[in-house]
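What follows is one structure encoded as structure tokens, with my remarks underneath.
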Amino acid sequence: MKHWLMKTEPDVFSFDALVAAANHTSCWEGVRNYQARNFMRDEFKKGDEVFIYHSSTEVPAVMGIAQVVREAYPDASALDKKSEYFDEKSAKDGVSRWVMVDVRATLRFKKPVTLAAIRATKGLEEMLLLKRGQRLSIQPVADKHWDKIVKMGEAVKV
DNA sequence: GCCAACGTTGGC
DNA sequence: GCCAACGTTGGC
């Protein structure tokens, strides 16, 4: 079972929004970066667990955990002219070059683990999230990092 | 709003 | 294939 981290801007789609969705489940549309797409397409497996991370917000933080419930399938929003995720090149091909997965929120952090806390915690120095210039919206998380952050967050069932 | 870092685009 | 220009990300 692999562990991942996915970034989202809470103004666009927050962890609470995922929890509020039917069955705590939603597709994860709009990823428009090839490296991130390839992780979803090639490596995301049903049952993999994912940190949901709030970025571009006052207090960037890991908010909780979700589980992959459907593996990669085409992201049709790339073909939808009215979508903010419309992609000209996909539309031209008539085939979406982007994929998405479905995730279900499973655990909420009583104490969201802030970027500052991660930065200040011994043993988490090597996390990709802290790497200079690291902007990938989907990234793998090492097990030892995963375990530490879960403890810090005091995860409870959603 | 600033800006460093990185990805993408397009002319050659 | 190179690389300058441009766009985006995301913390601060």
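So that the names make sense, note that chain A is the first sequence line, chain B the second, and so on, each numbered from 1.
- Counting any heavy atom pair closer than 4.0 Å across all strands shown, R32(A) reaches no nucleic acid atom.
- The environment of CD in E43(A) is crowded: more than 12 heavy-atom neighbours from other residues, nucleotides or ligands sit within 6.0 Å.
- Put simply, the side chain of E9(A) reaches to within 4.5 Å of the side chain of S56(A), judged on heavy atoms.
- Atom CZ in R119(A) sits roughly 8 Å away from atom P in dG11(C) (whole-Å rounding).
- K89(A) comes within 4.0 angstrom of the backbone, heavy atoms only, and of no base.
- Taking only side-chain nitrogens and oxygens, Y53(A) comes nearer than 4.0 Å to OP1 or OP2 of dG11(C).
- Using a cutoff of 4.0 Å between basic side-chain nitrogens and carboxylate oxygens, K111(A) and E154(A) are scored as salt-bridged.
- Going from atom CG of D11(A) over to atom C1' of dG10(C) covers 13 Å, rounded to whole Å.
- Under the 4.0 Å criterion applied to side-chain N and carboxylate O atoms, K151(A) and D147(A) are not assigned as salt-bridge partners.
- Both the sub-6.0 Å distance and the 45° axial angle are satisfied by R70(A) relative to the ring of Y73(A).
- The shortest distance between side-chain heavy atoms of L18(A) and V103(A) falls below 4.5 Å.
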Contacts under 3.5 Å, N or O only, protein and nucleotides 7-9 of chain C:
| unit_1 | atom_1 | unit_2 | atom_2 | d |
| --- | --- | --- | --- | --- |
| dT8(C) | O2 | R135(A) | NH1 | 2.8 |

